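Quick notes on the structure that follows.
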Amino acid sequence: MTHLLELRNISMKFNDTVLFAGFDLDLEINETVGITGPSGSGKSTILRIVVNLLTPTTGTVLFKGVSITEYEPRELRRKMILVPQEASMFPGTVRDNLQWGLSIHKLHASEGKLESALEEVNLNCDCLDDIAGNLSGGEKQRVALARALLLEPEVLLLDEPTSALDEKSTLMVESAIGSIIAERKIGVLIVTHNPAQAKRFTDRLVKITGEQEGK
Ligand SMILES: Nc1ncnc2c1ncn2[C@@H]1O[C@H](COP(=O)(O)OP(=O)(O)OP(=O)(O)O)[C@@H](O)[C@H]1O
Ligand SMILES: [Mg+2]
């Protein structure tokens, strides 16, 4: 069976230190898998390997049955999008930030499409003309999610999406993630330290040791 995403026997060694070895993971469409593990265990490293920003010491990542190294880099970057732990905004407005991802792929979205992307992440702020850098952490995180969604990815990788946020912003971002999972036909990998968050969103939780836990 071909999986949406398949990690096979991934190992990573930095300067002779083995970070993890023999890591396997499958992800299907409409599935959300959590990745958990102590700080420094390599969770962010795994996400970077999946989007081919890092090459693992051993192992293969298959996207729809084909090694990620076979894809044209730009195509891969559109189909699998990593939203990092602290969303970085580029200089300019929210509109500039939303169009930025599209422009890399020589695309452009109408005003209505930008607005509905913001609605999808529950950011009803009428803020397309606001300077993105002035938004709160939770708002930036949701702009980063909207920016990713406009590219219609098939896999969304979320690296501790709420760890830098206060409780109120966490709830807003969680509600955005909940809508994405419910409404989009995608596979989601979410790194989280938060057991309640893992329980709420994930179908399965994978420990970085490779050991799997049911819900
Ligand atoms: N490019 C690199 N070169 C050398 N060491 C690296 C590199 N990238 C990551 N590391 C090391 O690998 C380890 C794991 O890093 P990683 O960021 O994947 O951990 P993490 O599980 O995401 O931790 P946290 O929960 O704190 O975010 C760290 O000790 C880090 O210093
Ligand atoms: Mg990390």
Side-chain angles (χ1 to χ4, degrees), residues 5-27 31-63 67-69 71 73 76-77 80-89 101 121 136-145 147-148 153 155-167 169-174 176-177 180-181 186-213 215:
L5 187 68
E6 204 175 331
L7 278 67
R8 284 288 162 264
N9 196 30
I10 305 282
S11 313
M12 195 67 187
K13 207 157 109 178
F14 286 123
N15 317 314
D16 290 339
T17 306
V18 177
L19 194 55
F20 51 80
F23 187 80
D24 293 320
L25 186 148
D26 297 333
L27 179 73
E31 189 181 35
T32 300
V33 171
I35 298 179
T36 187
S39 181
S41 57
K43 303 179 298 298
S44 298
T45 299
I46 284 185
L47 297 191
R48 283 189 211 115
I49 289 171
V50 169
V51 295
N52 207 17
L53 285 173
L54 270 179
T55 304
T57 310
T58 69
T60 325
V61 179
L62 302 173
F63 174 56
S67 166
I68 54 167
T69 59
Y71 284 84
L76 194 71
R77 220 159 292 151
M80 299 208 279
I81 301 189
L82 169 59
V83 179
Q85 191 164 340
E86 287 188 45
S88 54
M89 294 288 111
V121 295
S136 74
E139 287 166 341
K140 283 181 190 159
Q141 192 62 261
R142 283 179 287 156
V143 171
L145 286 170
R147 187 167 63 192
V155 177
L156 191 60
L157 305 133
L158 306 175
D159 195 353
E160 303 198 44
T162 61
S163 65
L165 305 179
D166 63 20
E167 199 179 336
S169 296
T170 294
L171 290 176
M172 305 289 253
V173 170
E174 285 190 341
I177 295 170
I180 293 166
I181 290 172
I186 57 174
V188 178
L189 268 189
I190 178 168
V191 168
T192 180
H193 274 303
N194 177 337
Q197 191 171 71
K199 194 159 189 204
R200 202 158 333 140
F201 291 126
T202 66
D203 302 305
R204 275 183 298 133
L205 190 58
V206 179
K207 281 196 180 156
I208 198 84
T209 53
E211 192 188 322
Q212 294 203 4
E213 274 186 348
K215 205 167 167 177

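In this text the structure is predicted, and so the values were computed from the model without any measurement. Counting convention: from 1, in listed order, for ligands and their atoms alike.
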Short side-chain to backbone donor-acceptor contact, Gln197 and Asn194, under 3.5 Å: no
pair Leu53-Leu47: side-chain heavy atoms closer than 4.5 Å: no
Thr57 (side chain) donor-acceptor with Lys13 (main chain) under 3.5 angstrom: yes
Salt bridge (Lys or Arg N to Asp or Glu O under 4.0 Å) evaluation trace for Lys140 with Glu86: CA-CA 9 Å; Lys140 283 181 190 159; Glu86 287 188 45; over 6 Å; no
Main-chain N/O of Leu165 paired with Ser169 side-chain donor or acceptor, under 3.5 Å: no
Beyond-backbone contact of Lys207 with Ile35, side-chain heavy atoms, under 4.5 angstrom: no
Short N or O separations between ligand 1 and the protein, below 3.5 Å:
from	atom 1	to	atom 2	distance (Å)
ligand 1	18 (O)	Ser44	N	3.4
ligand 1	18 (O)	Thr45	N	2.9
ligand 1	18 (O)	Thr45	OG1	2.5
ligand 1	19 (O)	Gly42	N	3.4
ligand 1	21 (O)	Ser41	N	3.2
ligand 1	21 (O)	Gly42	N	2.9
ligand 1	21 (O)	Lys43	N	2.9
ligand 1	21 (O)	Lys43	NZ	2.8
ligand 1	22 (O)	Ser44	N	2.9
ligand 1	22 (O)	Ser44	OG	2.9
ligand 1	23 (O)	Gly40	N	2.8
ligand 1	25 (O)	Lys43	NZ	2.7
ligand 1	25 (O)	Glu160	OE2	3.3
ligand 1	25 (O)	His193	NE2	3.2
ligand 1	26 (O)	Ser39	OG	2.6
ligand 1	27 (O)	Glu160	OE2	3.4

Side-chain (Gln141) to main-chain (Pro161) donor-acceptor, under 3.5 angstrom: yes
Atoms of the protein (N/O/S only) found under 2.8 Å from the Mg ion (ligand 2): Ser44 OG
Residue of the set Ile81, Leu145, Leu82, Thr32 for which side-chain contact (heavy atoms from CB on, under 4.5 Å) holds with Leu158: Leu145
Any donor-acceptor N/O pair, Tyr71 side chain to Arg77 backbone, under 3.5 Å: no
